[in-house]
Number of protein chains: 2
Amino acid sequence: MTRISDVAKHAGVSVATVSRVLVGQGSVSEATRERVLASVKALDYHPDLAARRLRSGKTDTLGLIVSDIRNPYFTEVSRAIEDVAYARGMRVLLCNADEDPAKERFYLDMMRDENVAGVILSPTLSLLNQYRAEDFSFPLVLVDRCDAKTEADAVVLDNIDAAQRLTRHLLERNCRRIAFFYGAASATGSQRLAGYQAALAEAGLSAITQPVKPTTDDARQALSTYLERHRQTPDAVVASSGLILLGLVEGLRQHGLRYPQDVIVAGFDDMPWTRIVTPDITVMAQPTADIGRTAIELLLARIAQPGQAMRRIVMRGELIVRGSSAA
Amino acid sequence: MTRISDVAKHAGVSVATVSRVLVGQGSVSEATRERVLASVKALDYHPDLAARRLRSGKTDTLGLIVSDIRNPYFTEVSRAIEDVAYARGMRVLLCNADEDPAKERFYLDMMRDENVAGVILSPTLSLLNQYRAEDFSFPLVLVDRCDAKTEADAVVLDNIDAAQRLTRHLLERNCRRIAFFYGAASATGSQRLAGYQAALAEAGLSAITQPVKPTTDDARQALSTYLERHRQTPDAVVASSGLILLGLVEGLRQHGLRYPQDVIVAGFDDMPWTRIVTPDITVMAQPTADIGRTAIELLLARIAQPGQAMRRIVMRGELIVRGSSAA
DNA sequence: CTGTTAGCGCGTTCAC
DNA sequence: GTGAACGCGCTAACAG
């Protein structure tokens, strides 16, 4: 492996000069600068990042901990984050906590040990409930999940409003018995539940709610169980996430129920498949690319200005009406 | 930040002893061992990974470079890899090259600079074509893409066989004009093309092939263009990947073509949505979890035994016949 | 503008 | 079984 001293020798300068050229700080004459750069190229020298990090205490690595890598919502957000990072020459350490607080803790510890510049995290409910800013030695931005009382930088959807508007849309379609399947393990699920309940309360209707694990399989199961236990099928079934929505649609098919004729369907996240099923599906779309981009920019701002006030950035969902809730 | 010297002072021993306890090498009396461990816990000490890496030259970080993070195939594979890594206490640095050779190079360089223990990569065609084992300073395992002449550890599907079996299935359904839409940018696409062609040759039929970018949007476009240019619709359309398959189904819907009545549809990758569309879709499924698990195990074996012979592990696809190719 | 020097925090010889 | 001392490769402070 070629080290900085090799470059220095080759260029006929000291290691300090080479370092200055590489880091771009301090002043170096144009002539020696070019000589150094030539030597770097000639020897194919690459600084050891571990050494650099140890010495300078700085990193250009960001951490990203998502709660489910298989959820297209998170891959879209990740991609947006990585695009920005790549454009700035930064690295992203992407980890999948899998909705498991232990795994989340493991990766959070790892981020600290790696001395990353900052972390973007979609927290488990467990972490959110006992969140204290002092527990984190690095700048942290929350995405997707955050409640009003949490004192942290965050980028989230206006979940209550979004769920409320989605539910109102179904009420306008004359649905009275609207069953809401939501992920009970996340703050997002409960907030969307609250929005749903608010809309029903406005209409003076009673809620039908079913907590599920935020997976397609569990949602399908839950719907099956529900349908088998109740003689009367609901007017509409609503999912608090794209993965759950997929489970509901699978479940309806299994039970031979057609939509929108037998039951209306709607949910969150404008996933590709919602457009190609027949009929296509009404969804509350999230601006995933915006969310990712905003999150990393918020993080970089926090890194640059550690003292600035906490900001919670709330995005508005977009209702996309399709065949599954056709009049 | 608490350092190893703090722990040493707290436990009343030297830094060397603390290090020995932590690394688990050299001999330490049980009594002092426990005392050190108690101090570590009391001070909440965590070794600085950068320093450790610099000194020891070793890492327990693995790199994973996928070519498209939004492709469910890769997220499934990633998850399997990360599960194994997590179980062994290792980290995974996951990056998204986005089918871009420049980005791929950037991340590969980064892996080298980070001194990762090894890398799992789904290479671009560009990299594969000029692949030389000597170019990589770290153990490397290829996934999803690799041709027979590449001298590298790899885990891939038997693409030729898989495409051939899928095509034969369509021939058995009496399809004669079978259009094959394939990702031209990857080795995988061309191999599947070869399998398709082989099956057609067996039957004495001529091929209809359409290279596309491996994205849903491009596939939809390509199908539209094809349909508009040719009066006669093909008997069947086949996609060389799940993303392309989605584009074909979208395109058929746009053009008001029903399947399997107007045209039969099939493709690769058993994605969740292929089960819920009506009719559901015949696919060649890949054992994604197995592929991921095998890849990381192959990498770990290579790290442990740098001298062992290169291995290419070829997996068999599973044909899942569904409604889109119903008789 | 440039070179010399001192650590960053840790693992690892070598003595004891 | 344990401690002292060195150096991994690099950056930053200080001289010149």
Side-chain angles (χ1 to χ4, degrees), chain A residues 1-40 43-61 109-117 137-138, chain B residues 1-40 43-61 109-117 137-138:
Chain A
M1 188 181 161
T2 85
R3 293 151 304 168
I4 197 170
S5 57
D6 298 327
V7 178
K9 203 172 297 174
H10 186 274
V13 296
S14 74
V15 292
T17 301
V18 177
S19 175
R20 276 190 282 260
V21 170
L22 262 34
V23 175
Q25 286 178 2
S27 40
V28 181
S29 81
E30 187 54 27
T32 59
R33 214 184 84 84
E34 285 180 8
R35 204 141 38 85
V36 168
L37 255 24
S39 298
V40 166
L43 300 178
D44 190 36
Y45 166 74
H46 296 268
D48 182 313
L49 294 184
R52 176 175 278 186
R53 187 172 313 166
L54 175 59
R55 173 63 227 212
S56 70
K58 293 178 194 169
T59 328
D60 49 5
T61 298
D109 286 348
M110 165 181 138
M111 296 299 175
R112 177 188 30 130
D113 297 348
E114 288 279 1
N115 248 303
V116 297
S137 57
F138 41 73
Chain B
M1 189 181 162
T2 84
R3 294 151 303 168
I4 196 170
S5 58
D6 299 326
V7 178
K9 203 170 296 174
H10 185 273
V13 295
S14 75
V15 293
T17 301
V18 177
S19 176
R20 275 190 280 262
V21 171
L22 261 34
V23 176
Q25 284 178 4
S27 42
V28 181
S29 81
E30 188 53 29
T32 59
R33 215 184 84 83
E34 285 181 6
R35 204 141 38 86
V36 167
L37 255 24
S39 298
V40 166
L43 300 178
D44 190 35
Y45 167 73
H46 295 267
D48 181 314
L49 294 184
R52 176 174 277 186
R53 186 172 311 165
L54 174 60
R55 171 63 224 201
S56 69
K58 293 178 194 169
T59 328
D60 50 3
T61 298
D109 286 348
M110 165 180 138
M111 296 297 175
R112 173 178 37 81
D113 298 347
E114 289 278 2
N115 247 303
V116 297
S137 57
F138 42 73

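These numbers were taken from a predicted model, which means no experiment stands behind them.
Between C:dT2 and A:T32, a contact under 4.0 Å exists linking OP1 or OP2 to a side-chain N or O. In this model, the phosphate group of C:dG9 is not approached by any side-chain N or O of B:Y45 to a distance below 4.0 Å at OP1 or OP2. At C:dC10, none of the side-chain N or O atoms of B:R52 fall inside 4.0 Å of OP1 or OP2 (strictly under the cut-off).
As judged by a 4.0 angstrom heavy-atom cut-off over every strand, A:T17 is placed among residues touching the sugar-phosphate backbone only. Using a 4.0 Å heavy-atom cutoff across all strands shown, B:S5 reaches no nucleic acid atom at all.
Across the interface with DNA chain D, nearest-nucleotide mapping of B:S56 and B:G12 shows B:G12 to be the residue nearer the 5′ end. Nearest-nucleotide positions on DNA chain C place B:L54 closer to the 5' end than the other of B:R20 and B:L54.
Side-chain contact between A:N115 and B:L49 is absent, with no heavy-atom pair separated by less than 4.5 Å. Two residues are said to be in side-chain contact when any heavy atoms from C-beta on lie closer than 4.5 Å; A:R20 and A:R33 fail this criterion. Contact of the B:H10 side chain with the B:V40 side chain is not registered, since no non-hydrogen atoms from C-beta on lie closer than 4.5 Å. Side-chain atoms of B:T2 and B:D44, non-hydrogen and from C-beta on, never get closer than 4.5 Å to each other.
A side-chain donor-acceptor contact under 3.5 Å links A:S56 to the backbone of A:K58.
Residue A:R3 contributes atom CZ, which lies 5 Å from atom P of D:dG9 at whole-angstrom precision. When rounded to the nearest whole Å, the span between CG of A:D48 and P of D:dG7 equals 18 Å. One can place CG of A:D6 at 9 Å from P of D:dG9, the figure rounded to the nearest angstrom. Look at CD1 on A:I4: it is 14 Å from C1' on C:dT2, rounded to the nearest Å. A:D60 places its CG atom 15 Å from the C1' atom of D:dC10, with the value rounded to the nearest Å. D:dA12 atom C1' lies 10 Å from atom NZ of A:K58, rounded to whole Å. Residue B:R33 contributes atom CZ, which lies 13 Å from atom P of D:dG1 at whole-angstrom precision. Spacing between atom CG of A:L49 and atom P of D:dC10 amounts to 10 Å, rounded to whole angstrom units.
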Can you list the steps and then say if A:D6 with A:K9 is a salt bridge (Lys or Arg N to Asp or Glu O under 4.0 Å)? CA-CA 5 Å; A:D6 298 327; A:K9 203 172 297 174; 5.1 Å; no

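Listed by residue number, the members of residues 21-30 of chain B with any heavy atom below 4.0 angstrom from DNA chain C are B:V23, B:Q25.
Among the nucleotides C:dG9, C:dT4, D:dG9, the one closest to any side-chain atom of B:R55 is C:dG9.
Here A:E30 does not pair with A:R35 in a salt bridge; the nearest charged N to carboxylate O distance is not below 4.0 Å.
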